[in-house]
Structure formats: C-alpha cells, structure tokens
Amino acid sequence: LLRGVKFPCLFVCNVSIYLGFSPLPVACCPCAQSGVREVGDTAVIGYFQQHPPEVNPSLRMIDYIREVAEKRKSRAGESGLVGPPDTPEVLLEKLGFPRKLQYQKVESLSGGERRRLHLAAVLASAPNVLILDEPTNDLDLNTVEVLEEMLQVYRGLLLVVSHDRAFMEGSTNSLLVMPGDGTVDRFMGKYSDYLKQLYQLRQRQATAAAEQQKKAKAQTQQDRQQSNGTAAASSNGKTPASSSSNGKGSAAAASSSSSGKQQRQQSSRKKPRHKRSKIGSKAMAQQQPAAMARHQPAAVAMAKAVLQLLAAAAAVMAAAVAVTAVQ
C-alpha cells in the first residue's frame with residue numbers, strides 16, 4: 001500500500017496524512033514531507049478516526065449510511081468486488097440504533113452516537129484495508145463486543161491503534177512495535193506473547209548488565225592491585241640504582257658507618273683505661289706518704305749538715321774579723 005514511506009513517529013499520523021484524510025496538521029509529522037503513496041486498484045481504505053468527520057446535520061442517519069453503501073456498491077460493480085455484507089438497516093441495528101431511531105437527523109445525536117454513526121459508515125464502505133484509531137473510546141460495552149465479532153470474521157488488512165489490551169488481544173495476530181529509536185519492528189503473535197517476550201528480553205538485559213558491571217568491578221580491582229604492585233616494585237628498584245649510580249655517596253656512607261663503629265669500639269676500649277688511670281692515681285696518692293716517710297730522715301740529716309757547714313763558715317768569718325781587728 002505504501003512504498004518509500006518511513007515511520008519514525010506516530011504511525012497513525014503518517015497513515016492519516018498519506019491517505020489524505022488526516023484531521024491533524026502536516027507539521028505534526030516532519031517525516032511526512034516526502035514519500036510516495038501507491039494505492040492499488042482493488043484497495044478500499046476505511047479509516048475510523050477518533051474525531052468523526054463533519055456530516056450534513058439535516059440528513060437522517062439511515063439516509064447517510066445508505067448513501068455510503070450505494071457508493072460502495074457502484075464501485076464494487078465496476079471492479080467486481082463484493083459489496084457490503086449487511087444492509088444499512090441491519091448494520092445500524094448491530095451498532096445500537098433501532099429501526100425507529102434510524103430516521104433521526106444527525107444534528108440530534110450525542111457525541112457517542114455520532115462516533116457510532118461514523119463507525120457504521122466506515123463498515124458500510126466494506127473496506128479491505130481497515131484502520132481503527134482508538135476504536136473503543138466513547139463506545140459502550142455492547143458496541144465494542146459487536147465490533148469484536150465483526151472483526152473476527154473480517155477478511156482484509158486490519159490496522160489497530162489502541163490502549164485497550166483486551167481488544168488488541170482478541171482482534172489482532174501481529175504487532176508493529178515502535179521502540180522509540182525511529183524503527184518499526186513487526187512481531188508475529190498476540191499482545192500477551194509480546195509482553196512475555198519483552199519481559200524475558202529485559203530479564204536477559206538486566207542479567208547481562210549485572211554481569212558486565214561485575215566484570216568491570218573485578219577488572220577495576222585487578223587494575224588497582226597491579227598498579228599498587230608496580231608502584232611497590234618501582235620504589236624497591238630505585239634504592240640500589242641510586243646507590244650504584246652514586247658510588248661516592250655509598251662509599252662515604254660506608255666509611256662513615258665504619259668510622260662510627262670504630263669510634264664506638266675505641267670509646268668502649270677507653271672506658272676501662274679511664275678506670276685503670278683512676279686506680280693508678282689512687283695508688284700513687286696512697287704511695288706518696290710512704291715514700292716521703294722513707295726519704296724524710298735523709299733530708300733531715302742533709303739539712304743538719306748544711307746547718308753545720310753554715311755554722312762553721314760563720315765561725316771562720318768571725319775569726320777572720322777578729323784578726324783583722326787586732327791588726
């Protein structure tokens with residue numbers, strides 16, 4: 001149906017714009033500025049919108065649906081297609097409009113009744129490409145059940161955009177998934193099947209993320225241990241290198257250490273000598289009185305001799321003086 005059309009945003013917006021009956025402005029979809037729409041000769045498109053199109057308010061409901069059905073019959077006769085399966089009266093009855101109410105004018109209908117009338121007009125056109133945009137909004141439960149029964153026997157392409165999971169589950173067998181990255185993926189199966197697969201996918205992603213985080217943490221710890229070991233090895237390797245590069249310093253350190261050892265040894269040796277010298281001084285102090293006692297008589301005798309010599313000299317001098325005086 002559509003060729004060369006991309007769907008990076010809302011699918012309904014794109015489809016409604018390209019099919020030419022969108023109530024939304026073209027500016028809402030930047031990707032709708034280009035593309036090619038090719039509709040086959042046998043394609044009959046029915047589009048059920050959230051906001052029903054304007055209808056002549058003076059028309060009666062039955063007249064409006066008959067007009068739509070007659071157009072479809074005329075086209076079916078020209079192309080050989082099959083016309084609407086139900087008459088307008090039967091179709092309106094199925095959608096909650098009894099025969100008596102079918103002759104009311106459109107202007108007297110409420111919002112919900114106008115939406116059901118719009119659905120009747122779309123189904124009366126007997127489309128083989130049926131697009132339903134939020135079909136369960138503003139519809140009563142009986143109308144929704146009737147619509148589900150009609151879709152069960154529908155033979156054609158059905159495209160549904162809805163938040164009603166029960167309706168999606170009962171009326172579709174494949175999904176167009178838009179993850180939000182500008183792509184559209186097709187999933188074959190019910191909506192419940194898609195939810196199960198999505199849950200399993202998220203579980204696997206969460207497990208993979210946890211494993212990746214665990215590996216990253218282990219790698220970080222390993223890198224820290226390696227960096228600490230490298231730093232320790234480099235610090236140990238710098239000591240001999242510096243000592244070997246500076247031989248004089250090592251020699252000086254060795255000589256200073258050896259000289260320090262020698263000084264400590266000498267000091268340890270000198271300490272006993274100091275003790276011995278103290279002991280010797282004490283002995284000498286003790287021996288000096290004895291020596292003096294031993295040499296004291298000789299000194300006394302020498303002093304007496306000296307005194308005697310002095311006395312003799314004095315006597316000689318006195319005699320000499322006397323002789324001189326006589327003369």
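All residue numbers in this chain count up from 1 along the given sequence.
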Taking the side chain as everything from C-beta on, heavy atoms only, tell me whether [X] gets closer than 4.5 Å to [Y].
X    : Y    : value
R186 : V177 : no
R114 : V106 : yes
L101 : E113 : no
L139 : R115 : yes
D140 : R116 : yes
L95  : L119 : yes
Y47  : D133 : yes
E89  : R66  : yes

> Under the salt bridge (Lys or Arg N to Asp or Glu O under 4.0 Å) rule, what pairs show up with a residue in residues 190-215, not counting sequence neighbours?
Replying inline: none

>> Before you tell me yes or no, could you show the steps for E67 and L59 under side-chain contact (heavy atoms from CB on, under 4.5 Å), namely the whole-Å CA-CA distance, both residues' side-chain angles and the distance that decides it to 0.1 Å?
In response: CA-CA 10 Å; E67 182 181 350; L59 286 176; 4.2 Å; yes

Examine distances only and state if a side-chain atom of [X] and a backbone atom of [Y] form a donor-acceptor pair shorter than 3.5 Å.
X    : Y    : result
T207 : Q203 : yes
E107 : S58  : no
Q50  : E134 : no

Closest non-hydrogen atom pair, [X] against [Y]:
X    : Y    : answer
T42  : N128 : O-ND2, 2.6 Å
P127 : L123 : CD-O, 4.3 Å
S171 : L158 : O-CD2, 3.5 Å
I65  : A121 : CD1-N, 3.6 Å

>> Under a 4.0 Å threshold between the charged nitrogen and the carboxylate oxygen, would E149 count as salt-bridged to K94?
In response: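 Salt bridge absent between K94 and E149.
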
>> What verdict does the side-chain contact (heavy atoms from CB on, under 4.5 Å) test give for M168 and L175, after you've listed the backbone C-alpha separation in whole Å, the side-chain angles of each residue and the deciding distance to 0.1 Å?
In response: CA-CA 9 Å; M168 294 281 290; L175 303 175; 4.1 Å; yes

>> Could you work out, with salt bridge (Lys or Arg N to Asp or Glu O under 4.0 Å) as the rule, every residue matching D63, not counting sequence neighbours?
In response: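 Here the qualifying residues are R60.
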
> Residues in salt bridge (Lys or Arg N to Asp or Glu O under 4.0 Å) with E93, at least two apart?
Replying inline: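 In terms of salt bridge (Lys or Arg N to Asp or Glu O under 4.0 Å), with neighbours along the sequence ignored, E93 is linked to R99.
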
>> So, taking the atom named CD in Q205 and the one named CG in L198, what distance separates them when rounded to the nearest 0.5 Å?
In response: 8.5 Å

>> Once rounded to the nearest 0.5 Å, what's the spacing between atom OG1 of T136 and atom CD of E145?
In response: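 That separation rounds to 12.5 Å.
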
Return the set of residues passing ring-ring contact (aromatic ring centres under 6.0 Å, His included) with [X] (not counting sequence neighbours), or none when no residue passes.
X    : answer
Y154 : none
Y103 : none
F48  : H118

> Passes side-chain contact (heavy atoms from CB on, under 4.5 Å), Q104 versus L109? Steps please.
Replying inline: CA-CA 8 Å; Q104 289 183 355; L109 300 178; 4.1 Å; yes

> Should we count CD of Q226 as having more than 12 external heavy atoms under 6.0 Å?
Replying inline: yes

>> As a quick check of understanding, evaluate side-chain contact (heavy atoms from CB on, under 4.5 Å) for I62 and F97, giving each step before the final call.
In response: CA-CA 10 Å; I62 188 63; F97 295 105; over 6 Å; no

>> According to a hydrophobic-cluster definition based on side-chain heavy atoms being under 4.5 Å apart (Ile, Leu, Val, Met, Phe, Trp, Tyr only), do V90 and M150 belong together?
In response: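 In one cluster with V90: M150, no.
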
> With I131, which of V122, L157, L159 fulfils side-chain contact (heavy atoms from CB on, under 4.5 Å)?
Replying inline: L159

> With Y64, which of N56, L92, L117 fulfils side-chain contact (heavy atoms from CB on, under 4.5 Å)?
Replying inline: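 Checked N56, L92, L117 against Y64; only one passes side-chain contact (heavy atoms from CB on, under 4.5 Å): L117.
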
